[in-house]
Amino acid sequence: MMRYLSRQGGREEGAAQAARTAPPTVEETNVTSAASAGLANDPVALIADKALWIRRRSFQMVYEAQLGHPGGDFSAADILATLYFGVLRHDPSNPRDPGRDRFVMSKGHCTGAFYAVLAAAGFFPEAQLTTYMQPLSKLNGHPNRNYLPGVETNTGPLGHGLPVATGIAIAGQIDNAEFRTFVLTGDGELQEGSNWEAALTAGHRKLENLTLIIDRNRLQQGARTEETASLDPLDDKWRAFGWHVEVLDGHDHRALYEALSKSPKGRGKPLCIIANTFKGKGVSFMHDNVAWHHGVPNKDQYEQAMRELA
Amino acid sequence: MMRYLSRQGGREEGAAQAARTAPPTVEETNVTSAASAGLANDPVALIADKALWIRRRSFQMVYEAQLGHPGGDFSAADILATLYFGVLRHDPSNPRDPGRDRFVMSKGHCTGAFYAVLAAAGFFPEAQLTTYMQPLSKLNGHPNRNYLPGVETNTGPLGHGLPVATGIAIAGQIDNAEFRTFVLTGDGELQEGSNWEAALTAGHRKLENLTLIIDRNRLQQGARTEETASLDPLDDKWRAFGWHVEVLDGHDHRALYEALSKSPKGRGKPLCIIANTFKGKGVSFMHDNVAWHHGVPNKDQYEQAMRELA
Amino acid sequence: MSAAAPQPAGWHDCRDTFSKTVEALAEADPRIVTVVSDSVGSSKLVNFRKRWPERMVNVGIAEQTVVAVGAGLANGGKIPFVSAAACFLTARAMEQIKADIAYTNVNVKLIGQSSGIAYGELGPTHHSIEDMAWLRLLNNLTLIVPSDPWETEQAIRAAAALDGPVFIRVSRMPVPDLPRSNARFEIGKAETLREGDDLAIIANGVMVHRALAAAEALAAEGIAARVINMSTVNPLDEATILDAAKTGAVVTVEEHSVRGGLGGAVAEVLATHDPVPMRILGFPGFLPTGSADWLLEHFNLNAAGIADAARQLLARK
Amino acid sequence: MSAAAPQPAGWHDCRDTFSKTVEALAEADPRIVTVVSDSVGSSKLVNFRKRWPERMVNVGIAEQTVVAVGAGLANGGKIPFVSAAACFLTARAMEQIKADIAYTNVNVKLIGQSSGIAYGELGPTHHSIEDMAWLRLLNNLTLIVPSDPWETEQAIRAAAALDGPVFIRVSRMPVPDLPRSNARFEIGKAETLREGDDLAIIANGVMVHRALAAAEALAAEGIAARVINMSTVNPLDEATILDAAKTGAVVTVEEHSVRGGLGGAVAEVLATHDPVPMRILGFPGFLPTGSADWLLEHFNLNAAGIADAARQLLARK
Ligand SMILES: Cc1ncc(C[n+]2csc(CCOP(=O)(O)OP(=O)(O)O)c2C)c(N)n1
Ligand SMILES: Cc1ncc(C[n+]2csc(CCOP(=O)(O)OP(=O)(O)O)c2C)c(N)n1
Ligand SMILES: [Mg+2]
Ligand SMILES: [Mg+2]
């Protein structure tokens, strides 16, 4: 495990390792100035920097492909940046290391942000991002494990990530392994019953090595969640299914970092983080706007967004 | 609606109608003395009588077929007797009357009890019960709407009843109709995520015309629910999904009758009744015994059970 | 989900026909309701919701329940049109379709939107190229794959008029109006769009206009290809297939896996009644990244590819 | 669920073979785990649970999750055998099988227990006579339908040794050990159990011994029927099918719907390569009430019925 970026309060190799895992390609891009040695010593500053880069880069991908789900990319960007630059112990040069922390991207439609963070973390060259959704690209509209290192399971249909992540966490539980399993779902996605099956099993087995992060942007594809099939009181639901629940601001890097990097040892329950977010966060005309679930920008919109994302 | 057995506190036609709906065939059998005019004036006494008859008749069916799920037949017998002899407004001579109350038997494996109560209520001749699971019988191991009047939807795979019942209740809600929809599930069955999808929608739409009864016998096919994928705190789960919850003794006819026959008007929520029961209730060697989930009796066991069910 | 592709003039997205027709039916029959799983926009039902908000049931992202609620609504006297992306409606709700819809035999209309590979770049999880194989063996369930707006409207009207379960594939891929001299739609009856006795091309859905174009190209070489639109897959029009067998060579074309779908259905009829040489054109399985148009070209599911297959087959006849 | 039918001596419930084999594999390889959905007893895994309680994962009655958890366990380095009734494992978890197992291409073994019509009286919701049609078009997913205990053991061992997803149908219907001179199991290779050049009978699963009995009866009339055990349905052994076509007549027999399954797969190969007359024997769809044995007899899926079909087919040859 020496080669992983370690968590706060974790092992000695900490900050130095963090600097080492910063992928070379990222430093070369014009949309980020991240990963200097200084920033690497302050995970939250690094995370903030990466989150901005993810927003910019994913929006560029969506603009160029004229396809994508930028609203959900933006609500998830801070969560993804925190995971990949502050929390996950992973080694891009050995993406199937049995001891790695797992991250399952259940909201598989948000490949803009997901591919961007994987590239930023060094799983594949940033240049590959320009092939997003192009013919024969490995950057499919939804992530494919057999195309790209860093993808744990193929997602796209909602409600698949948590059940698979539960299985991964059970493997870790059986082996008494150190690795943690994280999964990010949308909130509308929780209307799929498959999640509640897995919730029961994870609660029953007290999978403390499993962390679910809910991107609680309160919007699904066509409308607000509470107007469609209301999820509140969402915290009570998870508690009643045997989970420990924390509610936080999903755009607050420090709050995310602290909640996610805390050791799960002794919690005795799986952890559900309800991350309150906004769809389209970061760009004024996309903010909390359902039209941007799968909207794609025209030139003016793209340019305005890039000005705002600075 | 004049022809229906009405509910407590209901319309004027009350007791006289109740007597009228008592099927003639039942009185002729040797295992019940039910449905005398006197009993019909006291729904709870009638229900008790019918519940005993259902246990006896269903066990005979299972014994003769050497197939069935008698443990779950017995945990559900009191609930079914209460519904058909105290609560449901139905007309066996017009089983598809649009204004009828609906009952959906989601735990479709318990056809012993279900067919027995349908016969007792007059939906088909009791004599037909002897064909249970025989070649070309309309009494399949799981209920088929196209074979038998009184069956609302074909069940057998668990977790189908509540979602279908939710659809029926929505039809009633759209039409502002008087009819109520009841559904009986097992408890292990609630591990199926499909139930929680429907729970969300029913809670969201505040379907007060929908009542779920959970046969909380704490056993599933192979073991106790709490050892398999624990359901407790079950009441909290339903509350968190927007339901009104009542917990009662599922073998207490008066408690069942009162909870089920209370007018739903103004409740503003779907009703979930957690009926605490015992699998195999009524027969000592079957009581709370998982072996009787789909056990079948030999001659000695059958005779002992019949002695106990007197 | 994917951005609207520019549509050639006179080509149509049949989802528009679906919503227009359902609205017309709903005007005339108050029993008609729509049932969706966060699929209002993708079903083009925004206007329906505006007109009859109380007659649209949105269960959220829950395909098992969207189907089961449809079954319940039918029990309550409604005629529900359950509309969701074909890929999820089938795969995620297969047991509900089997048990609650087909086996219970209820009056529900399932609309599989953006069927086939219409979601192109969104990948195999969003492609529905298994649905014909999955559904055509479920008794009671009528299965229709319309070819153009006219037929989509006819299929939806016929489905509403039929007392029983129906599944209709509706594509978002733009298609032209097909030339028809004697337009008449009947469930279970295939339509011969072009006569010809050298071979028969049997297609459905978005492949029919491509089959006609292939026949046109073959005609220029003196090959008379019959073109049959097999829009109903269950029940199957075996008589028309057996008549096609008399040409001595049959090519099937579908926007579906080459296994078990239209080609499989035709192969079963031919092999058991009148074996003649066949080609089955479709997709090989999980597909690489690419737009719908790109995938069709890449796998030769176009006029040229169909004509090529026909020529090769004739050589074997 | 149904009571155990009395088994003729020397006949076996292949679920016993399954559990015995999985136990043997688990002894040798700590990565082997079992995953069940309240299906311990019906999978005959009570002893496995006793021996390795920590290596059995019971998710409760939740088929979507039993499959997805299997996928997750594979990701975590396990070799999971996911075991549940075939009817629910397929229908209820179709999208998990498509996306999490086949498309993701993970090392999970799905065991469809009590497949076909073994649950007899429990009716169509409990019959699994759609699974071959539903699964055989999913790339990557090896699909095996073993015929007897020996082959069940071989299939399970081969599945464990293969790094990829496998679905195996395991019947509870008692079957005899098949006579084999040269027993060798290989995934994707059909087995010719009896030579013959008048026609070929292609069967799998519990129908193979019935096919052999039919061939015996035909032999008495001087008809030499080849009997082929097509236990792997995906990938399909096309070479053996095309060799069978040389007899000029092919009968397929399956404990499955007549649409889209083994018969459909063989029809596709024959029609597109070497069309010869065929009969497809199986079930017509949702079945009436009756025990497994009764259903097989009622639908002539027995030696006499197979022999009859063969005679009729020979008349058309
Ligand atoms: C099973 C399934 N049903 C429907 C869809 C179509 N779909 C894609 S994204 C989406 C909305 C998701 O909303 P939410 O989970 O809240 O995600 P976010 O807001 O983060 O984008 C829907 C309905 C799908 N991908 N999978
Ligand atoms: C989808 C599905 N999975 C599995 C089964 C097999 N099965 C039949 S009954 C049963 C146990 C049900 O337990 P519970 O819901 O508690 O019912 P009860 O105790 O009242 O019999 C199981 C697993 C099934 N019928 N349907
Ligand atoms: Mg959302
Ligand atoms: Mg129970």
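Proteins come first, then strands; the chains are lettered A, B, ... in the order of their sequence lines, and each starts at number 1.
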Using a cut-off of under 4.5 Å for heavy-atom pairs, which of C:R279, C:Q64, C:E63 has the most such pairs with chain D?
C:Q64
Is any side-chain N of the basic residue among C:E255 and C:R169 closer than 4.0 Å to the acidic one's carboxylate O?
yes
Residue among C:D198, C:D197, C:T247 satisfying side-chain hydrogen bond (donor to acceptor under 3.5 Å, both in side chains) with C:R226:
C:D197
Who among C:H273, C:Q96, C:R316 has the most heavy-atom pairs with chain D under 4.5 Å?
C:R316
So, C:S257 and C:E130: side-chain donor and acceptor under 3.5 Å apart, yes or no?
no
Check against side chain to side chain contact (heavy atoms under 4.5 Å, CB included), D:F283 and D:L301
CA-CA 8 Å; D:F283 290 110; D:L301 291 170; 3.5 Å; yes
D:L313 portion near chain C, given a 4.5 angstrom heavy-atom threshold
neither
Output, in order, the C-alpha distance, side-chain angles, deciding distance and verdict of side chain to side chain contact (heavy atoms under 4.5 Å, CB included) for C:L295 and C:H127.
CA-CA 11 Å; C:L295 288 169; C:H127 297 163; 3.9 Å; yes
Assign the ring pair C:Y103 / D:F286 to parallel, tilted or perpendicular, where the plane angle (0 to 90°) is split at 30° and 60°.
tilted
Per-residue contact mode, D:N234 against chain C (heavy atom under 4.5 angstrom)
side chain
Contact list (residues 262-270 of chain D to chain C, heavy-atom gap under 4.5 Å, by number) returns D:G264, D:A267, D:E268
For chain D, which candidate among C:R259, C:R136, C:M94 shows the most heavy-atom pairs at distances under 4.5 Å?
C:R259
Rounded to the nearest 0.5 Å, what separation is found between the CD1 atom of C:I201 and the CE atom of C:M207?
10.5 Å
Before giving the answer on side chain to side chain contact (heavy atoms under 4.5 Å, CB included), spell out for C:V251 and C:L199 the whole-Å C-alpha distance, their side-chain angles and the decisive distance to 0.1 Å.
CA-CA 8 Å; C:V251 178; C:L199 86 160; 3.8 Å; yes
